[in-house]
Amino acid sequence: MFFNDIPVLYFITFLSFFLCLALTPVVRLVAIKKGWIAYPTKERWHKKPTALFGGVAIYLGIAIPLFFIADFSSILPHIIRTSDHIALPSIGAVIWIGMTLLFFLGLVDDFIHIKPHTKLVGQILVASMVTFLGFRLHWFSSLTVDTTLTIVWIVGIINAFNLIDNMDGLCAGVGFIAASYLALLYTGILPEATLVSVIIAGALAAFLFYNFNPASIFMGDCGSLFVGFILSMLCLYYPEAGAANVMSLYAVPIMILMVPILDTSMVTLIRILSGRKASVGGKDHTSHRLVIMGLSEKGAVLLLYGIGAISGMSALFVSKSDTLTSPAVIIPLALSIILMGIYLSQIRVYPEKEFSLLRGKSYTPILLELTYKRQLMLVILDFCLIAFAYYLSYRLRFDSNAFPFYFKVFLHSLPAVIACKFVAFFAVGIYRGVWGYMSTNDVLVYLKASSLATIFSVVTVTYIYRFEAFSKGIFVIDWFLTTGVLLGSRVSFMLFSDTMKRKTLAGKIVLIYGAGRGGEILLREILNNKRLKIKPVGFIDDDTLKTGKTLQGYPILGVFKDIESHLDKYKISGMLISFNNKDPQKLKAIKEFCKAKGLFLKQFSVHLEDIDLEI
């Protein structure tokens, strides 16, 4: 074959790109003429009729060049078995056959909407074909378990990409990023896998010209099914590249496909717990929840691109690192993804049904108790953060030659260090704070707790181990890391809560008059009290020096005489006075202006009233 012929490789890569680039508008034109259009529905996200069958162009852009480089003859020995030890067939040939079967399965589904279980049977048959030809994940020594898990992996990733095809450019973009990282992963190691990766990357990059927001064509099931299949195949092929360590064997495939795995896992779990069918479409995907938070559709898609890129970069690092180094990347990435999943799952999409299957059960009180006692979750999170910070201290302090020796020291001392830190945390009182709130005093408490924890750890290590084989630098680094992760995790909770309040704020649009202390208190009350149904767009203030600045993230738009220029721009309905100045002339001018412009006017004040104690 010509896998190492660079000019041919470039030609085939550009061929897939230009084929898809040229064929997509043709397919779009045919779809529009034939009426093959996706119309907006209450369960779908798009808001305008859009052409379907973009998957046809993607398929041809991949299948044509792949057909000429695949070695189909390598499959025959697996069909007519002459030996028990047969080399794996050409991955290009297996992918071509599998993607073609799934393309036609998806095409039929796009035309006549076959039942989910029928589609699932077709996917299982394709996955079974792959395992019959010898491809496995190699995650378990048991052939039965590993074969079964491989089928589940292929079917799961196929459906994961089918599910994330829910917003303009999401499925194609995430697929392009994953394929690009797979090409980098296999370059110089597995030439055929590299070529397949760049072919699919080229086709998906071309399709994004028409599918990115605002999309003029959707890929449909005839595209998303085989895209998921190709990427699942390329990931399970990773053991053939010679995994650098056992950990990377499991971590690399998952990290490369982190975005579809996160979305599918979260959506499936929430739908099942909410009594909805996992196979039925909805507006409760990761991308939809990000939009509900306040991001634009493009912003949500680009954020998921970023997560895919970071996760893919981490996968490349892990693939080239040893078992002792890989956790330095895997653990923080896993914690970040878990926290993101927890954050997003709290956003209510279907409030009348959310987690309905958990209600009215014998274990419901326990679940509610765990939900409201969030400090328990903080303790579990801190356990992970303490262990990770201590591990990373050793990884940063010692080079790769010395680290294997000191890793044993780390393992022996870790339980004592964790115990010391928790004793310090409880003694100082970091778990007494209210969830989602943080002040300067709380920062000082965390600094005090981290410092005391380090002192306890040093004293304990000195007493138990006589400080033999320990480095003072370890505990200095550990203090910085522990303090950083503690404060960072708490700040992330606070920022998420505040962002949610701001982005989901809805109601009458108002200006706040007065950008002082009263204005700040009023803004906080609006953000924390949705029953007011008020949405401020900014402040005005008589102090000209404040114009152009911001208060709690909201702009100070100018002085009183500038209000009129903002009325139409922001569609303002009313004004809120945040100061207690009783100047009658100023108040009269405000009233006259609001009356003339048809604005409502309200005044905010904080006051204490005496209550008669007589009953």
Side-chain angles (χ1 to χ4, degrees), residues 10-40 44-69 95-96 99-111 158 161-180 183 195-231 260 287 297-298 301-302 304-305 308:
Y10 277 123
F11 170 75
I12 292 176
T13 303
F14 284 114
L15 178 62
S16 67
F17 177 84
F18 287 114
L19 273 174
C20 188
L21 192 68
L23 289 171
T24 302
V26 175
V27 172
R28 181 180 60 193
L29 182 62
V30 172
I32 292 172
K33 284 187 175 181
K34 295 288 186 179
W36 299 333
I37 304 293
Y39 293 97
R44 299 297 177 185
W45 192 259
H46 67 284
K47 296 181 174 58
K48 65 175 184 177
T50 307
L52 286 169
F53 299 109
V56 174
I58 302 174
Y59 171 77
L60 294 173
I62 297 172
I64 291 173
L66 188 58
F67 179 81
F68 290 104
I69 63 107
I95 284 177
W96 193 94
M99 69 176 282
T100 300
L101 293 173
L102 288 169
F103 166 70
F104 284 108
L105 177 67
L107 199 62
V108 172
D109 185 48
D110 284 334
F111 271 115
I158 288 172
F161 273 88
N162 186 229
L163 286 172
I164 66 167
D165 187 24
N166 57 61
M167 196 169 283
D168 294 356
L170 182 56
C171 182
V174 169
F176 165 73
I177 291 169
S180 299
L195 184 55
V196 175
S197 300
V198 296
I199 287 173
I200 183 174
L204 291 175
F207 187 68
L208 277 171
F209 280 89
Y210 308 96
N211 185 240
F212 192 71
N213 188 284
S216 60
I217 187 170
F218 295 152
M219 67 168 65
D221 282 11
C222 67
S224 61
L225 294 184
F226 75 76
V227 167
F229 169 73
I230 296 173
L231 292 171
S287 53
E297 289 187 31
K298 283 184 181 178
V301 170
L302 290 173
L304 292 173
Y305 284 0

Query raised in the report: How close do P260 and V174 get, heavy atom to heavy atom, and via which atoms?
Result: CD-CG1, 3.8 Å
Report summary line: Between the CD1 atom in I199 and the CG atom in L204, the distance rounded to the nearest 0.5 Å is 12.0 Å
Query raised in the report: Distance from S16 atom OG to I200 atom CD1, nearest 0.5 Å?
Result: 9.5 Å
Report task. Using a 4.5 Å cut-off on heavy atoms from C-beta on, say whether the side chain of N211 contacts that of T24. Result -> no
**Report entry** Contact summary for A206 and F17, nearest pair of heavy atoms
**Finding:** CB-O, 3.2 Å
Query - Flag, side chain of W36 to backbone of A51, donor-acceptor distance under 3.5 Å - result: no
Query raised in the report: Under a 4.5 Å cut-off applied to non-hydrogen side-chain atoms, are L302 and F212 in contact?
Result: yes
Query raised in the report: Yes or no on side chain to side chain contact (heavy atoms under 4.5 Å, CB included) for F218 and D168, after CA distance, side-chain angles and deciding distance?
Result: CA-CA 8 Å; F218 295 152; D168 294 356; 3.5 Å; yes
Query raised in the report: Can you tell if the side chain of N162 reaches within under 4.5 Å of the side chain of I158, non-hydrogen atoms only?
Result: no
Query raised in the report: How long is the gap from CG on L231 to CZ on F226, to the nearest 0.5 Å?
Result: 10.5 Å
Report summary line: Rounding to 0.5 Å, atoms CG (L66) and CD1 (I62) come to a distance of 8.0 Å
Report task. Using atom types as modelled and distance alone, determine if a side-chain donor or acceptor of D165 lies under 3.5 Å from a backbone N or O of C171. Result -> no
Requested in this report: Give, for atom CD1 of I32 and atom OG of S216, the distance between the pair rounded to the nearest 0.5 Å.
Outcome: 7.5 Å
Query - Heavy atoms from other residues, nucleotides or ligands near CZ of F111 exceed 12 (cutoff 6.0 Å) - result: yes
Report task. Quick one: sort the W96 and F67 rings into parallel, tilted or perpendicular, breaks at 30° and 60°. Result -> tilted
Requested in this report: Output yes when a side-chain donor or acceptor of D109 lies under 3.5 Å from a complementary backbone atom of C222, and no otherwise.
Outcome: no
Query raised in the report: Just by distance, do the side chain of S287 and the backbone of V301 share a donor-acceptor pair under 3.5 Å?
Result: no
Requested in this report: Write down the atom of L19, the atom of G61, and the distance for their closest heavy-atom approach.
Outcome: CB-CA, 3.9 Å
Requested in this report: Measure the CG-CG distance between L208 and L170 for me, rounded to the nearest 0.5 Å.
Outcome: 10.0 Å
Query raised in the report: Does D110 reach the main-chain N or O of D221 with its side chain, forming a donor-acceptor pair under 3.5 Å?
Result: yes
Query raised in the report: When the ring planes of F103 and Y59 are compared, do they come out parallel, tilted or perpendicular, using 30° and 60° as the limits?
Result: parallel
